[in-house]
Amino acid sequence: MATNYDPSEIEPRWQQKWEADGLYHADIDPSMPKHYALTMLPYPSGDLHIGHWYIMTPSDARARWLRMNGYNVMFPIGFDAFGLPAENAAIARNIHPKKWTYKNIANMRVQLRSMGAMFDWRREAISSDPSYYKWSQWFFKKLFEQGLAYRKLAPVDYCPKDNTTLAREQVIGENRVCERCGTPVTKKELEQWFFRTTKYADELLQYPGIDWPDRIRTLQTNWIGRSEGATVVFQISPPAEAGGDQGGGSIEVFTTRPDTLWGATFMVLAPEHPLVARLTTDEQRPAVEAYIAQTLRQTDIQREAADTEKTGIFTGGYAVNPVNGERVPVWIADYVLMTYGTGAIMAVPAHDQRDFEFARRYGLAVQPVIQPEGVELDGATMTEAYPHAGVMVNSGPFDGTPATEGKGMKNPAVRSVTEWLETKGVGRADVNYRLRDWTISRQRYWGAPIPMVHCTSCGWNPVPDDELPVLLPDDVEWLPTGESPLKLDPTWKHTTCPVCNEPAERETDTLDTFMCSSWYHLRYLSPDYDEGPFRQEDYDYWMPVDSYTGGAEHATMHLIYTRFFHKALRDMHMVEGHEPMLQLRNQGHILGPDGNRMSKSKGNVIDPDEQVRRYGADTVRAYLMFGYRWSEGGPWNTENIHGPVRWLRRVWDLFTSPPPPVEPDPEAARQLRRKAHQTLIQVTQSFETYQFNTIISGLMELLNSIVDLGAAGAAGTDTWDEALDIYLRMLAPVAPHIAEELWTNVMGKPYSIHLQPWPEADAEAAREEVVVMPVQVNGKLRDRIELPAGFTRAEAETAALASEIVQRFVDGKTPKKVIVVPGKLVNIVV
RNA sequence: GCCGGAGUGGCGGAACAGGCAGACGCGCGCGACUCAAAAUCGCGUUCCUUCGGGAGUGUGGGUUCGAUUCCCACCUUCGGCACCA
């Protein structure tokens with residue numbers, strides 16, 4: 001029976017049999033508890049990357065483990081197939097994006113199958129299939145009907161290389177580059193479709209009942225950027241001298257520090273603010289217009305760079321500070337952004353560094369209103385703003401009120417001033433968010449057409465349901481010209497208005513691919529269903545997603561979008577619960593052997609196919625689980641993989657070349673049983689907590705014990721058989737092929753090991769009989785004593801003091817205290 | 001600048017509701033088998049040591065009988081945000 005371990009023969013054979021038998025089909029079974037295990041779907045960019053293995057194979061092992069624990073587990077797979085990378089690659093190679101994409105999918109399917117994962121391939125969903133994007137379009141319509149999709153003219157982020165607009169989330173890094181191609185983005189004023197993500201800003205900050213990493217929650221919380229404060233109304237002052245059309249009106253500002261209102265000595269509007277034209281006096285008009293023109297020429301990057309010197313210009317207009325009636329000049333400056341708050345601020349130079357710099361540059365008044373303890377702030381001589389705690393001064397009725405450091409309503413000064421503003425009718429408590437609505441229009445070809453029609457008399461209307469999907473035509477020029485390729489098609493855009501039936505034009509932009517991936521977990525439920533995006537009974541059984549695995553880089557993109565999507569659908573009564581995914585875990589990333597990100601140009605790419613050819617899928621799986629903290633990742637190591645290589649070879653040898661008969665020894669058998677059940681407890685716990693490296697190390701340790709204790713007399717006993725049985729069951733989730741081969745063909749046990757239950761741990765058997773207690777003297781380890789399990793404190797103390805080595809260190813002194821921690825140690829304090 | 005991870009042998013990493021630091025593996029060294037090499041197996045492997053011990057989990061303090069684990073202040077590094085009023 002002794003043969004060499006040959007994964008290249010074993011693995012494809014079992015993969016074919018499992019598939020032929022439908023072993024991993026997940027079907028509704030109300031008699032079983034369900035578990036929806038989801039791993040982020042891959043983008044069909046060419047070849048499967050070792051990174052895909054790193055996300056998917058540990059996730060697969062855990063899904064298999066759950067299945068052995070009695071869950072009806074669904075572990076689906078699909079492709080996020082629309083989007084820029086496919087289109088760009090297709091342009092570079094001069095093939096049609098569709099052809100390129102589907103060729104890659106065919107290739108990646110083969111590669112994915114070589115993992116030996118328990119994917120239910122019947123549920124495969126591909127976002128660029130018409131049967132899929134029909135429902136992406138349908139969801140768009142639903143959002144439109146709810147007012148959650150809308151069209152507006154707005155300055156949006158634009159990638160000049162990819163020639164398309166981008167969502168704010170897709171602009172990254174300190175120099176604000178395109179998430180896909182790394183080109184610095186520019187701003188463009190365009191009519192675009194948006195999703196009203198801001199409607200859910202506050203709710204997205206809550207994570208009710210879900211187990212998501214703090215890290216992701218923090219990233220999302222920062223991204224959403226909630227600020228508490230007050231909106232305050234400043235009346236525009238009547239003209240002090242001739243010029244300017246200033247017949248009343250008011251300017252609203254948002255501030256997180258209403259307690260500093262008495263120190264607001266001027267106001268600043270964004271140059272694009274609609275009131276600028278009204279406020280500007282004739283005298284100032286040429287200068288103001290010149291400043292605005294100059295601002296427009298600047299890129300957003302220049303404008304938003306925090307370290308440039310603040311510039312601005314006086315409009316000539318004034319407003320009245322509502323708390324003290326003082327007339328304050330109104331300026332415009334590009335450090336005030338039209339896209340946040342009201343696009344206007346009250347400037348408090350004494351307590352805000354930006355306002356301070358601006359005031360000093362233009363000689364504006366600085367009035368301290370928060371006095372720190374023991375220091376006298378003087379507006380004339382201050383060298384920087386004082387943004388910290390103190391006592392309110394020069395603040396009318398609030399003089400003497402303590403102001404703490406924090407912004408928002410937790411600061412009592414902020415709260416009481418806000419309440420006072422409300423009673424005076426000049427302000428109200430308010431909240432602002434950094435989050436912007438999601439721009440979803442893309443001026444590119446390879447995406448789902450936005451199902452909207454524009455008619456000169458009826459405006460924008462959705463395509464009727466029975467005309468969905470709006471098919472993406474194959475025969476267009478899909479070169480990126482900056483215009484939507486669909487617009488350049490001579491015929492496609494022409495249609496009739498769904499309302500008046502007159503000639504009308506289709507929307508020629510396509511949907512951001514992140515929209516398609518916001519609901520893919522729902523399509524897996526019923527991928528062939530054509531009456532709706534999913535079948536209700538499938539939803540009722542499988543949702544929500546119980547465990548979701550993927551990269552943390554999606555924290556402020558996909559993972560916000562999909563939560564928004566779920567909440568929107570919930571409010572339309574299409575889905576239940578407040579969150580789509582109950583548990584989220586992020587893996588790290590595998591780098592090249594040189595420690596850099598893998599890239600073809602660096603020549604450090606590890607090809608999983610080659611590793612599988614060399615070592616087998618089970619070994620690659622085991623290495624990826626064993627070699628890293630899953631949450632951290634790290635460089636691929638061409639030497640460390642030899643550990644798992646040897647391990648699985650030794651496992652093979654143990655089962656195929658059983659040890660020679662020995663004299664049975666009950667003590668060795670008892671020890672083996674103890675180790676087996678201890679390992680079982682530890683491995684179970686490691687699966688629970690996604691600690692894949694200690695699953696493998698536990699199995700390696702147990703193998704060592706089986707070999708050693710077998711030779712010592714455990715071999716051939718019932719305990720031996722039990723240990724080997726437990727061993728294969730524990731091996732099955734991590735190395736499914738070798739476990740199946742050894743179980744079914746070598747041990748002759750009933751097919752399939754993957755239908756077997758997870759073994760039950762015997763806590764009694766796992767308990768140690770003899771306890772080795774470390775003995776410390778003054779906290780330093782001096783000796784170890786053996787005690788029978790179940791000893792008393794007094795026995796432990798006596799035994800510890802009796803130790804010769806301990807006595808040497810106690811050195812005749814009387815112990816002040818003896819600490820006995822049962823099961824841990826004895827510490828003698830002298 | 002602000003927010004959040006992470007710093008443990010030559011390397012990947014274990015152990016943390018405070019209790020034997022370095023499990024498991026890689027690499028390395030010595031040995032066995034072999035004509036030889038590979039593979040395999042056995043032993044060893046944190047550092048220093050006068051062999052009694054001593055030091056040691058990024059640095060410096062603190063709490064404690066006892067700290068990799070908790071607290072304070074730093075340093076390094078990796079992410080994220082960045083004129084957000």
Side-chain angles (χ1 to χ4, degrees), chain A residues 4 172-174 176 213-223 225-227 229 253-257 260 268 270 303-310 333-337 339-348 352-355 357-358 407 432-436 552-553 555-556 586 588 622-623 626-629 631-632 634-647 649-650 653 682 691 693-704 707 772-784 808-809 815-830:
Chain A
N4 287 329
I172 57 167
E174 60 186 312
R176 301 179 53 70
D214 286 345
R215 179 150 165 258
I216 299 293
R217 292 160 61 140
T218 306
L219 287 172
Q220 294 201 348
T221 300
N222 290 346
W223 182 258
R226 184 181 198 273
S227 294
V253 298
F254 173 74
T255 175
T256 55
R257 293 296 306 276
T260 62
V268 187
R303 198 176 147 180
E304 287 184 8
D307 46 5
T308 53
E309 247 192 294
K310 292 174 180 35
D334 61 7
Y335 80 91
V336 175
L337 309 172
T339 44
Y340 183 80
T342 63
I345 62 159
M346 62 176 213
V348 185
D352 181 286
Q353 188 59 25
R354 295 157 298 176
D355 297 345
E357 286 166 23
F358 194 80
K407 295 173 170 184
N432 259 281
Y433 301 93
R434 225 181 59 90
L435 183 74
R436 314 281 166 81
E553 66 275 15
T556 57
N586 307 115
Y623 168 66
F626 178 62
Y628 309 85
R629 254 186 288 209
S631 57
E632 300 299 318
W636 178 271
N637 187 309
T638 50
E639 283 180 340
N640 282 358
I641 195 171
H642 292 126
V645 169
R646 284 174 199 145
W647 169 53
R649 205 146 50 196
R650 288 180 65 214
D653 291 344
Q682 181 256 309
Q691 283 174 284
N693 52 353
T694 51
I695 292 170
I696 308 294
S697 68
L699 289 172
M700 286 174 168
E701 267 189 72
L702 180 55
L703 176 68
N704 293 342
V707 171
V772 178
M773 287 279 281
V775 181
Q776 296 181 338
V777 178
N778 288 337
K780 281 189 199 270
L781 180 71
R782 294 306 178 189
D783 197 8
R784 293 185 170 85
R808 198 166 71 223
F809 284 93
K816 263 190 235 159
K817 205 200 265 185
V818 179
I819 293 150
V820 179
V821 186
K824 296 286 187 190
L825 52 54
V826 180
N827 189 13
I828 298 161
V829 188
V830 294

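Keep in mind that the numbers below use all heavy atoms, side chains included, and drop hydrogens, waters and symmetry copies. Lettering of chains follows the sequences in order, A, B, ..., and the numbering in each one begins at 1.
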Fill in the blank from the handout: Applying the 3.5 Å cut-off to both distances, the Watson-Crick or G-U partner of B/G25 turns out to be B/C11
Handout entry: Any A/R649 side-chain N or O less than 4.0 Å from OP1/OP2 of B/U40
Key = yes
Handout entry: Any A/I696 side-chain heavy atom under 4.5 Å of A/P644 side chain
Key = no
Handout entry: B/G9: syn or anti, per glycosidic angle within 90° of 0
Key = syn
Exercise for the section: Examine B/G80: is either OP1 or OP2 under 4.0 Å from a nitrogen or oxygen in the side chain of A/R434? Give yes or no. Expected result: no
Exercise for the section: Compute whether any side-chain donor of one residue and acceptor of the other, for A/Y335 and A/D355, lie under 3.5 angstrom apart. Expected result: yes
Handout entry: A/R782 side chain near B/G66 phosphate (N/O to OP1/OP2, under 4.0 Å)
Key = no
Handout entry: Closest nucleotide among B/C81, B/A85, B/G13 to the A/R354 side chain
Key = B/A85
Exercise for the section: Sort out the partner of B/A39 for me: Watson-Crick or G-U wobble, both distances under 3.5 Å, none otherwise. Expected result: none
Exercise for the section: Spell out yes or no: do the side chain of A/K816 and the base of B/C65 have one donor N/O and one acceptor N/O closer than 3.5 Å? Expected result: no
Exercise for the section: Write down the atom of A/M773, the atom of A/V821, and the distance for their closest heavy-atom approach. Expected result: CE-O, 4.0 Å
Handout entry: Pairing partner (Watson-Crick or G-U wobble, both distances under 3.5 angstrom) of B/C47
Key = B/G54
Handout entry: Note, A/R650 side chain near A/N704 side chain (heavy atom, < 4.5 Å)
Key = yes
Fill in the blank from the handout: In terms of heavy-atom contacts, A/F626 and A/S697 come closest through CE1-CB, 3.9 Å
Practice task
Please determine if a side-chain N or O atom of A/Y340 lies less than 4.0 Å away from the OP1 or OP2 oxygen of B/A85.
Solution key: yes
Handout entry: C1'-based separation of B/U77 from B/C84 [nearest Å]
Key = 28 Å
Problem - CZ (A/R215) with more than 12 external heavy atoms under 6.0 Å - result: no
Problem - Most 5' of A/T694 and A/R808 on RNA chain B, judged by nearest nucleotide - result: A/T694
Handout entry: Nucleotide of B/G7, B/C65, B/C20 approaching A/R629 most closely (side-chain heavy atoms)
Key = B/G7
Problem - Nucleotide opposite B/A6 in a Watson-Crick or G-U pair, distances under 3.5 Å - result: B/U76
Practice task
Counting Watson-Crick and G-U wobble pairs only, both distances under 3.5 Å, name the nucleotide matched with B/G19, or none.
Solution key: B/C65
Problem - B/A21 to B/A14 separation - C1' atoms, rounded to the nearest Å - result: 10 Å
Problem - Spacing of the C1' atoms in B/U57 and B/G22 (rounded, Å) - result: 9 Å
Completion exercise
Contact string for nucleotides 25-34 of chain B, one letter per nucleotide 5' to 3', B = base within protein heavy-atom range under 4.0 Å, S = sugar-phosphate only, - = neither, reads BSS-------
Problem - Note, A/Q776 side chain near A/I819 side chain (heavy atom, < 4.5 Å) - result: no
Handout entry: N or O in side chain of A/K780 less than 4.0 angstrom from B/C20 OP1/OP2
Key = no
Exercise for the section: Side-chain contact test, heavy atoms from C-beta onward, threshold under 4.5 Å: evaluate it for A/N778 versus A/F809 and give yes or no. Expected result: no
Handout entry: Watson-Crick or G-U wobble partner of B/A82, both distances under 3.5 Å
Key = none
Problem - Side-chain N or O of A/S227 closer than 4.0 Å to phosphate OP1/OP2 of B/A85 - result: yes
Fill in the blank from the handout: Per the glycosidic torsion and the 90° limit around 0, nucleotide B/G25 is anti
